[in-house]
Amino acid sequence: MTPTLKYEFELWINSVQVGDITKLMQNRRFSITRNASEDLSFIMSLSAFEGYCTELGAVPQAVLETYVTDIRVKRNGNYLFGVHVVDMQYNLNQGEVNIEIKATGFFDLFADRYVTKTYTQSERVAIAVDLMATTQAGDATNDYGVDPGVLQYSTGLLSDREYVDQNVRDAIINLTNLSDGNFDFRFNYDRSFETFAQVGSDRPDNKFTYPYNISGGRVTHSATNLYNYIIGLGSGFGEETLRTVTADGASRGNYKTRQKIISFNSISEQQTLDENTYAYLQKVKNILELPTFNVSGVFADLDVISVGDRVPVEVLGHPALPLNGTYRIEKLAVDLDENDAEDIAITVDNYGL
């Protein structure tokens, strides 16, 4: 009986599967980040890939091409995520040629798309969904095949937005970062887009403890990007430039005044500028602590834990390192060996918890 593979990597073009390169891939690495794009990288022997394409009866470019091919990743028979091929580098070395391939999640499709549109008293998730629909409207050259999925959340909060040449990806990120009525989203393997009050679940039984199931890691404790007095600039020129100021008294008392000017060039509404500037302040007013720790896949089952989960973390024997409490998983970065054993780097944060 053929053993069941833990991971499978399928190639898809225009919603049609055109190949499966699971057995050809080496040095496989991927990461999944909350409210951001996934990443996948690996290498293949060009000769092995060409041989595989010959068996399929297809030319290589009809199977794997940048900005054309999607890679759907399965774990234990279930789809984990999907990505879009963006980079292929051919490395020539003493008669051997390898392909180094990088692919990113479907959210990045909107990194180079812009919208001019006004929303009046519109629900925030509905704005995010409509931004993607608007930029894909028109002829087929605009359409990425991204559609709303089954699960959609409503914040219940209405906002005004006047976007002028607004980057779509940035606009969606800004909507998720507002201090009230924020939300999470994810892109599925099939390019569908879903929204949630919060992705993830409470996982009190999945405790990570150093030096037991945590093998190593790092804890950043940095004030190099701490700012507690934010000057937000919107659209306009000279004296007509939209402007707002927001500050945090407690942070200024602890660390003195640390100012920063942030430009929101596409924002032309005062309320919108106020909301975005205040949300930015909440993210940068305190010392950055973003712990990352390494665990084996034996202790972190990716069929159970996922990005957004709230898990207990503890460091024993070091009172100067206050890493104890409940943290939210912000990122999972996974290295796979040839037997699909997982080395997982988990980045967590306690912001908002």
Side-chain angles (χ1 to χ4, degrees), residues 7-22 24-44 46 49 52-53 56 58-75 78-90 98-115 128-129 131-149 167-173 176 184-195 199 306-307 331-334 336:
Y7 281 91
E8 301 170 70
F9 298 84
E10 302 171 348
L11 304 183
W12 290 70
I13 296 177
N14 295 327
S15 300
V16 176
Q17 185 175 352
V18 296
D20 185 321
I21 55 173
T22 302
L24 305 179
M25 300 166 63
Q26 302 172 11
N27 293 8
R28 298 164 297 166
R29 298 181 176 89
F30 69 83
S31 66
I32 303 172
T33 305
R34 185 173 69 92
N35 293 347
S37 281
E38 300 82 0
D39 289 290
L40 170 69
S41 65
F42 58 93
I43 62 173
M44 290 192 304
L46 179 58
F49 176 62
Y52 172 71
C53 291
L56 289 178
V59 297
Q61 291 78 10
V63 177
L64 183 63
E65 182 59 280
T66 55
Y67 278 6
V68 174
T69 305
D70 290 351
I71 302 178
R72 297 185 179 183
V73 181
K74 278 184 174 179
R75 186 180 189 275
N78 298 310
Y79 286 112
L80 186 60
F81 65 93
V83 285
H84 193 51
V85 177
V86 298
D87 188 78
M88 297 170 61
Q89 178 173 294
Y90 295 86
N98 288 330
I99 321 172
E100 183 178 349
I101 296 169
K102 297 180 181 179
T104 62
F106 305 128
F107 189 38
D108 276 357
L109 293 171
F110 298 95
D112 302 318
R113 300 300 297 272
Y114 296 82
V115 164
V129 173
L131 284 169
M132 288 185 288
T134 298
T135 196
Q136 293 182 97
D139 62 41
T141 63
N142 292 327
D143 189 0
Y144 292 136
V146 171
D147 294 303
N167 181 275
V168 174
R169 184 177 66 173
D170 291 348
I172 294 171
I173 291 174
T176 67
D184 287 339
F185 65 84
R186 74 175 177 213
F187 281 80
N188 297 317
Y189 67 91
D190 60 356
R191 297 197 178 201
S192 61
F193 170 85
E194 296 181 321
T195 56
V199 293
S306 62
V307 165
K331 181 179 180 179
L332 295 167
V334 182
L336 301 175

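Both backbone and side-chain heavy atoms feed into the values below; hydrogens, waters and symmetry mates do not. Heads up: numbering here begins at 1 and tracks the sequence.
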(request) Might you work through the side-chain contact (heavy atoms from CB on, under 4.5 Å) test for Ile99 and Ile43, ending with a clear yes or no? (result) CA-CA 5 Å; Ile99 321 172; Ile43 62 173; over 6 Å; no
(request) Go through the steps to decide whether Asp70 and Arg191 satisfy the test side-chain contact (heavy atoms from CB on, under 4.5 Å), and finish with yes or no. (result) CA-CA 10 Å; Asp70 290 351; Arg191 297 197 178 201; 2.8 Å; yes
(request) Check the pair Thr66 / Val86 against side-chain contact (heavy atoms from CB on, under 4.5 Å), numbers first and verdict last. (result) CA-CA 5 Å; Thr66 55; Val86 298; 5.9 Å; no
(request) Starting from the C-alpha separation in whole Å, work towards a yes-or-no answer on side-chain contact (heavy atoms from CB on, under 4.5 Å) for Ile71 and Val85. (result) CA-CA 7 Å; Ile71 302 178; Val85 177; 3.8 Å; yes
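No more than 12 heavy-atom neighbours from other residues, nucleotides or ligands sit within 6.0 angstrom of NZ on Lys102.
Gln136 approaches Asp143 most closely through the heavy-atom pair OE1-OD1, 3.3 Å. When every heavy atom of Pro148 is checked against every heavy atom of Val129, the shortest pair comes out as CG-CG1, 3.6 Å. Residues Val146 and Met132 come closest through the heavy atom pair CG1-SD, 4.3 Å. Of all heavy-atom pairs spanning Lys331 and Ser31, the tightest one is CE-CB, 3.8 Å. Between Gly149 and Ser192, the shortest heavy-atom distance links the atoms CA-CB, 4.1 Å. Heavy atoms only, all atoms of each residue included: Gly19 and Tyr52 are closest at CA-OH, 3.4 Å.
Between Leu80 and Glu38 the shortest side-chain heavy-atom distance does not fall below 4.5 Å. Asp39 places none of its side-chain heavy atoms less than 4.5 Å from the side chain of Arg29. Residues Ile13 and Glu65 fail the side-chain proximity criterion, which asks for heavy atoms closer than 4.5 Å.
Here the side chain of Thr69 pairs a donor or acceptor atom with the backbone of Val63 at under 3.5 angstrom. At distances below 3.5 Å, at least one donor-acceptor pair connects side-chain atoms of Asn142 with backbone N or O atoms of Ala137. Side chain of Thr176 to main chain of Ile173: a donor-acceptor pair is present (N/O by atom type, distance under 3.5 Å, no hydrogens or angles). Although no hydrogens or angles enter the test, the distance criterion places a donor-acceptor pair under 3.5 Å between the side chain of Tyr144 and the main chain of Leu109.
Ring pair Tyr79/Tyr189 is parallel by interplanar angle, where below 30° counts as parallel and above 60° as perpendicular. The aromatic rings of Phe187 and Phe185 stand perpendicular to each other, their planes meeting at an angle above 60°, with 30° marking the opposite boundary.
Rounding to the nearest 0.5 Å places CD1 of Ile21 at 10.5 Å from CD of Glu10. A distance of 8.5 Å separates CE of Met25 from CG of Leu336, quoted to the nearest 0.5 Å. For the atom pair CD of Gln61 and SG of Cys53, the computed distance is 8.5 Å after rounding to the nearest 0.5 Å. The line from CD of Glu8 to CG of Asp20 is 6.5 Å long, rounded to the nearest 0.5 Å. Between Arg75 atom CZ and Tyr7 atom OH the span is 4.5 Å, to the nearest 0.5 Å. To the nearest 0.5 angstrom, Ile101 atom CD1 is 12.0 Å from Asn27 atom CG.
A side-chain donor from one of Arg186 and Asn188 sits under 3.5 Å from a side-chain acceptor of the other.
With sequence neighbours left out, Asp184 forms a side chain to side chain contact (heavy atoms under 4.5 Å, CB included) with Arg34, Asn35, Gln198, Val199, Arg328. Checked against side chain to side chain contact (heavy atoms under 4.5 Å, CB included), Thr135 has the following partners two or more places apart in sequence or in another chain: Phe110, Arg113, Val115, Val168.
Ring to ring, Phe42 and Phe9 are not that close: their centroids are 6.0 angstrom or more apart.
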